[in-house]
Amino acid sequence: MTPADLSRTVLHAVRRAVDEDALRAPVPARVRVERTRPGGSGDYACAVALQLAGPAALPALEVARILRERVAAEPGVGRVEITGPGFLSFTLDAPAESDRAVLAAVREQGLAYGHGDALRDEIHQFHHAREVRAAVTAQAVFRLLVAQGARGRTTCEQAPDPDWVRLGVTVNAYGTPPTPLAEIRPVPAGATAGELLERLGPDAARWGLLRAAGHDRAALGPELLVQGEANPLFRVRYAHARARALTRGAAALGFTAEAAPYGESPTEPAATTADDAAARPLLDLIADHPGVLLAGARHRAPDRVARQLEAVAHAFFDFHDSCPPLPAGDEKPSAAHRARLALAEAAGTVLAGGLSLLGIRAPEHL
């Protein structure tokens, strides 16, 4: 069960409770499920009982009890606990199967992994200044919203800068809108699109404009072009290129990826058990990716996606260095190598998909 599956399971439990008249409250459009924080109980936690307590005119603990008995009966959920004032904490059944489901979802959905329809009923219109960072940010937010099923358009105060096209920015209309629209006004870049393109090129310019939160100044110096680990953009793109190179290397050696559960290989238990600890941070980040994309859309924050990609790249190299996906020397390809390759390929797909939403290329050779 993936985090998205668990969110839908909890929402289904709320609907059942309302339909059965055990709970009298409006059914929310969505339920947010988060990974349990350090020291907490279970794998995931949810505050939906606290959210529904007021409308239901019941204590949050009572709402939590009503939902717990319905969620606990669902396949894939091992245990449901009530903690604090009414939080629901979930321990999933068969974590290896959950990991395999995540990797299968990435393989099946490809670059669209993490896209969904949570915002399908929303229509947005964004208005921004004739300024390059505002334009790039508005377009990135629009991409994130569309990836979650929303519709909308962007408008600009004045006719767009012609160089915006080279940055991949399009504007649906310009001029003063007839009705007030939601505005996007990050701290200005302090340079024109043409200047940034000349100094940095389109990919580095977009990363620099989007990486910082909107209320912070964008870092747009020559460090964005450094081909080394100190440059987060290079590290993200290099991790993607390395993941693709692993697939090519495996094909040359005559094997492909297989998303076997970590720790469950009867022939190589030592190797896969060791892999499990190294793989866990990367698996968790890949599983959390859909939630990060949704949060980036809801909060109009493409910087969240950029930071997620940095974390995935960091975890990828940690895993890659401790558990090489390709055999070395006279070593033969094994079940462990196939499982490692599956995880590496999933990481590469997540990196490529995230960069695509930010409007940045993900080269296969770097």
Side-chain angles (χ1 to χ4, degrees), residues 1-2 94-115 227-229 234-290 308-356 360-366:
M1 178 177 288
T2 68
E97 290 300 325
S98 177
D99 294 340
R100 180 154 43 192
V102 168
L103 297 181
V106 178
R107 179 178 288 273
E108 178 183 344
Q109 297 168 29
L111 299 185
Y113 173 67
H115 295 203
Q227 302 291 291
E229 289 189 4
F234 173 81
R235 192 171 176 83
V236 168
R237 298 174 88 191
Y238 181 57
H240 168 264
R242 180 59 187 152
R244 297 299 178 240
L246 291 171
T247 300
R248 295 192 297 270
L253 293 172
F255 76 97
T256 57
E258 180 182 335
Y262 285 91
E264 287 196 358
S265 169
T267 58
E268 299 165 85
T272 51
T273 300
D275 282 4
D276 190 38
R280 181 50 47 196
L282 183 54
L283 280 164
D284 288 348
L285 285 165
I286 291 172
D288 290 344
H289 186 67
Q308 162 79 353
L309 299 182
E310 291 177 28
V312 171
H314 181 80
F316 167 81
F317 283 118
D318 283 349
F319 172 71
H320 173 280
D321 294 346
S322 60
C323 301
L326 300 183
D330 295 333
E331 192 179 10
K332 300 296 183 184
S334 66
H337 291 115
R338 289 190 289 274
R340 294 170 187 173
L341 181 62
L343 180 53
E345 289 181 343
T349 299
V350 165
L351 292 170
L355 286 171
S356 175
I360 297 170
R361 292 176 302 116
E364 298 213 354
H365 301 269
L366 198 62

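FYI, side chains are in, hydrogens and waters are out, and symmetry mates aren't considered; it's all heavy atoms of this structure.
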Let me confirm one number: the CD-OG1 distance from E364 to T247, rounded to the nearest 0.5 Å.
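Interatomic distance, E364 CD to T247 OG1, rounded to 0.5 Å: 8.5 Å.
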By salt bridge (Lys or Arg N to Asp or Glu O under 4.0 Å) - contacts of R244 (at least two apart)
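Once residues adjacent in sequence are excluded, R244 has no partner under the salt bridge (Lys or Arg N to Asp or Glu O under 4.0 Å) criterion.
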Would you find a donor on one side and an acceptor on the other, under 3.5 Å apart, between the side chain of H365 and the backbone of A241?
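Not at all, since once roles are kept as given, no pair shorter than 3.5 Å links the two residues.
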Which heavy atom of [X] sits nearest to which heavy atom of [Y], and what is that distance?
| X | Y | answer |
| --- | --- | --- |
| A243 | F316 | N-CZ, 4.0 Å |
| P290 | Y113 | CD-OH, 3.5 Å |
| H240 | L351 | N-CD1, 3.7 Å |
| T256 | R338 | O-CG, 3.2 Å |
| L246 | P325 | CD1-CG, 3.7 Å |

Which pairs, with at least one residue in residues 309-329 and sequence neighbours excluded, count as a salt bridge (charged side-chain N to carboxylate O under 4.0 Å, His left out)?
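Every salt bridge (charged side-chain N to carboxylate O under 4.0 Å, His left out) pair that includes a residue of residues 309-329, provided the two are not neighbours, is R211-E310.
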Indicate yes or no: at least one non-hydrogen side-chain atom of [X] is less than 4.5 angstrom from one of [Y].
| X | Y | value |
| --- | --- | --- |
| R235 | F317 | yes |
| R237 | R361 | yes |
| P324 | R340 | yes |

Counterpart residues, side-chain hydrogen bond (donor to acceptor under 3.5 Å, both in side chains), relative to R242 (two or more places apart)
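By the side-chain hydrogen bond (donor to acceptor under 3.5 Å, both in side chains) rule, R242 matches H320.
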Just jot down the ring-ring contact (aromatic ring centres under 6.0 Å, His included) partners of F255, sequence neighbours excluded, or say none.
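Residues passing ring-ring contact (aromatic ring centres under 6.0 Å, His included) with F255: none at all.
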All N/O donor-acceptor pairs, side-chain side in residues 281-288, below 3.5 Å, sequence neighbours left out:
from: D284; atom 1: OD1; to: R35; atom 2: NH2; distance (Å): 3.1
from: D284; atom 1: OD1; to: R280; atom 2: NH1; distance (Å): 3.2
from: D288; atom 1: OD1; to: R35; atom 2: NE; distance (Å): 3.4

Do other residues, nucleotides or ligands put more than 12 heavy atoms under 6.0 Å from the NE2 atom of H314?
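No, NE2 of H314 has 12 or fewer neighbouring heavy atoms, counting only those of other groups under 6.0 Å.
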Name each donor-acceptor pair under 3.5 Å that joins a side chain in residues 102-112 to protein atoms two or more places apart or in another chain, with its distance.
from: R107; atom 1: NH2; to: E345; atom 2: OE1; distance (Å): 3.1

